[in-house]
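Working notes for the structure below.
Heavy atoms only: backbone and side chains are in, while hydrogens, waters and symmetry mates are out. Chain identifiers are assigned alphabetically (A, B, ...) following the order of the sequence lines, protein sequences preceding nucleic acid strands; residue numbering begins at 1 within each chain.
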2 protein chains.
Amino acid sequence: MSSEQTIAALCRKLGLRITGPRRVIMRVISESSDHPDVVELHRRVVAIEPTIALATVYRTVSLLREKGILERHTFGDRRARYETVPREHHDHLINIETGDVVEFQSAEIERLQEEIARQHGFTIISHRLEIYVKPIQKTRRSRQSGE
Amino acid sequence: MSSEQTIAALCRKLGLRITGPRRVIMRVISESSDHPDVVELHRRVVAIEPTIALATVYRTVSLLREKGILERHTFGDRRARYETVPREHHDHLINIETGDVVEFQSAEIERLQEEIARQHGFTIISHRLEIYVKPIQKTRRSRQSGE
DNA sequence: AAAGATATCGAGATCCGATCGCAAGAAACG
DNA sequence: CGTTTCTTGCGATCGGATCTCGATATCTTT
């Protein structure tokens with residue numbers, strides 16, 4: 001999702017009407033590189049156009065999610081956070097000591113997931129893999145290469 | 001978590017009072033091999049002792065979670081589901097159409113995770129892998145419009 | 001065993017994120 | 001322009017989870 005004309009084009013492609021609120025909401029989303037929740041999105045939206053209702057933001061994000069434009073995450077808390085769908089799927093290594101997040105991809109793991117799902121008679125809709133880690137300690141012995 | 005005496009012992013060990021409601025709730029949990037949410041737990045609990053309140057079940061499960069006895073999952077929906085901390089780690093296939101959860105293990109995936117973590121200079125503390133799936137459809141052929 | 005201290009309970013109120021219903025307003029299309 | 005259908009704003013409502021509080025039960029102390 002990107003600039004002004006493409007938002008209109010996107011709406012048209014999705015069969016959605018091009019409305020003022022949607023223009024603003026989509027623009028805010030496209031300019032957000034973090035993972036805002038709906039209230040936060042609404043905050044940013046009303047900073048531009050104060051009349052836009054919270055419910056409209058809710059409706060728009062779920063619409064965009066249905067259409068595959070947005071991804072919904074639910075981290076620790078119970079509020080949903082949104083992110084534009086990355087063009088390449090990735091999973092996360094979370095450093096529990098620092099909170100840092102490292103993205104990674106593994107075609108091999110993806111393949112194994114497909115295999116497991118198929119063995120159970122399912123097809124994968126989506127998945128979530130989070131690996132909680134800490135830095136390797138160097139004890140008396142081995143050091144690690146790389147990194 | 002297991003039979004009657006061990007529940008008392010467990011409570012004592014955790015510094016909790018051994019009460020009627022707790023006995024029942026813990027028994028229900030120990031006898032559940034699925035991933036019930038709190039309302040479902042309460043259903044099973046009141047089948048044994050109808051006077052036990054939903055709030056008590058909420059309080060008990062969060063207590064047991066704090067103490068490391070239970071694991072809390074939040075799959076697709078917004079409700080928390082609980083399971084006793086397994087002695088062998090497993091991951092979950094979640095059928096998004098029915099909400100059913102299938103447990104699985106994959107030594108291969110675990111191995112790859114270890115490898116990825118190591119390549120980034122980390123050791124794994126824990127991880128979470130959830131695969132959201134739906135049953136394999138038969139022929140998906142010409143469909144009319146929309147959606 | 002009785003009593004005091006306090007953790008726990010049940011029931012309903014409350015919180016908070018998310019959704020709904022409806023009348024008014026706006027887009028699309030001719 | 002006028003009609004049709006979609007969208008919006010607003011308040012009501014939903015649903016899961018938590019909290020309040022008086023009553024009760026458990027543990028501890030004697």
Side-chain angles (χ1 to χ4, degrees), chain A residues 4-5 7-28 35-43 45-46 48-67 70-82, chain B residues 4-5 7-28 35-43 45-67 70 72-82 99 145-147:
Chain A
E4 187 62 21
Q5 313 124 34
I7 288 176
L10 180 63
C11 281
R12 219 169 282 114
K13 193 181 95 183
L14 300 177
L16 301 176
R17 290 188 175 172
I18 305 165
T19 70
R22 292 227 257 250
R23 259 189 247 272
V24 175
I25 294 168
M26 291 184 180
R27 198 183 108 205
V28 166
H35 302 67
D37 61 42
V38 177
V39 171
E40 174 58 26
L41 277 177
H42 183 242
R43 245 191 296 273
V45 162
V46 293
I48 300 173
E49 178 52 62
T51 62
I52 296 175
L54 179 59
T56 302
V57 181
Y58 270 108
R59 282 188 283 239
T60 304
V61 291
S62 27
L63 219 43
L64 292 177
R65 195 175 81 98
E66 281 172 25
K67 303 294 190 179
L70 286 185
E71 230 172 53
R72 177 165 76 178
H73 302 287
T74 39
F75 296 140
D77 43 19
R78 238 172 313 288
R79 41 207 309 131
R81 305 176 114 87
Y82 289 86
Chain B
E4 187 62 21
Q5 314 123 35
I7 287 177
L10 180 62
C11 281
R12 218 169 284 115
K13 192 180 94 182
L14 300 178
L16 301 175
R17 291 188 175 173
I18 305 164
T19 69
R22 273 187 198 153
R23 260 189 245 271
V24 175
I25 294 168
M26 291 184 180
R27 197 183 109 205
V28 165
H35 303 70
D37 61 42
V38 177
V39 171
E40 174 58 26
L41 278 177
H42 182 242
R43 244 191 296 274
V45 162
V46 293
I48 299 173
E49 179 52 62
T51 63
I52 295 175
L54 179 59
T56 301
V57 181
Y58 270 108
R59 282 188 283 240
T60 304
V61 291
S62 26
L63 219 43
L64 291 177
R65 192 176 82 99
E66 280 171 26
K67 303 293 189 179
L70 286 184
R72 174 164 76 178
H73 301 286
T74 42
F75 297 138
D77 43 22
R78 238 171 317 288
R79 347 185 285 187
R81 307 165 85 113
Y82 291 86
S145 61
E147 205 255 335

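- Taking only side-chain nitrogens and oxygens, A/Arg22 comes nearer than 4.0 Å to OP1 or OP2 of D/dT7.
- The 5' end of DNA chain C is approached more closely, in terms of each residue's nearest nucleotide, by B/Gly20 than by the other of B/Gly20 and B/Arg78.
- For B/Arg81 and B/Asp37, the salt-bridge test fails: no basic side-chain N is under 4.0 Å from an acidic carboxylate O.
- Taking atom CD1 of residue A/Ile18 and atom C1' of nucleotide C/dC29, one finds them 14 Å apart after rounding to whole Å.
- The distance from atom CG of B/Leu14 to atom C1' of C/dA7 is 15 Å, rounded to the nearest whole Å.
- Look at CZ on B/Arg12: it is 18 Å from P on C/dA7, rounded to the nearest Å.
- Look at NE2 on B/His42: it is 16 Å from C1' on D/dG15, rounded to the nearest Å.
- Among the protein residues, B/Leu54 comes within range of no part of the nucleic acid, since none of its heavy atoms lies under 4.0 Å from any strand.
- You'll find the side chain of A/Arg65 reaches within 4.5 Å of the side chain of A/Tyr82, heavy atoms only.
- Atoms CZ (A/Arg59) and P (D/dC10) sit 11 Å apart, rounded to a whole Å.
- In this structure the side chain of B/Val24 never reaches within 4.5 angstrom of the side chain of B/Arg27, judged on heavy atoms.
- B/Arg17 comes within 4.0 angstrom of a nucleotide base, judged by non-hydrogen atoms across all strands.
- Between D/dG9 and A/Thr56, a contact under 4.0 Å exists linking OP1 or OP2 to a side-chain N or O.
- At whole-Å resolution of the value, CG in A/Asp37 and P in C/dT19 are 13 Å apart.
- With sequence neighbours left out, the ring pair (Phe, Tyr, Trp, His ring centres under 6.0 Å) criterion links B/Tyr58 to no other residue.
- Rounded to an integer number of Å, the gap from B/His73 NE2 to D/dA17 P is 14 Å.
- Proximity of A/Tyr58 to the phosphate of C/dA18: a side-chain N or O atom is located under 4.0 Å from OP1 or OP2.
- If you measure from atom CZ of B/Arg79 to atom P of D/dA17, you get 8 Å, rounded to the nearest angstrom.
- Looking at A/Val38 and A/Val61, their side chains come closer than 4.5 Å, going by heavy atoms from C-beta outward.
- Of the two residues near DNA chain D, B/Ala80 and A/Thr19, the one whose nearest nucleotide lies more 5' is A/Thr19.
- Remark on DNA chain D: of its neighbouring residues B/Leu16 and B/Ser62, the 5'-side contact belongs to B/Ser62, judged by nearest-heavy-atom nucleotide.
- In this structure, B/Thr51 does not reach the C/dC9 phosphate: none of its side-chain N or O atoms is under 4.0 Å from OP1 or OP2.
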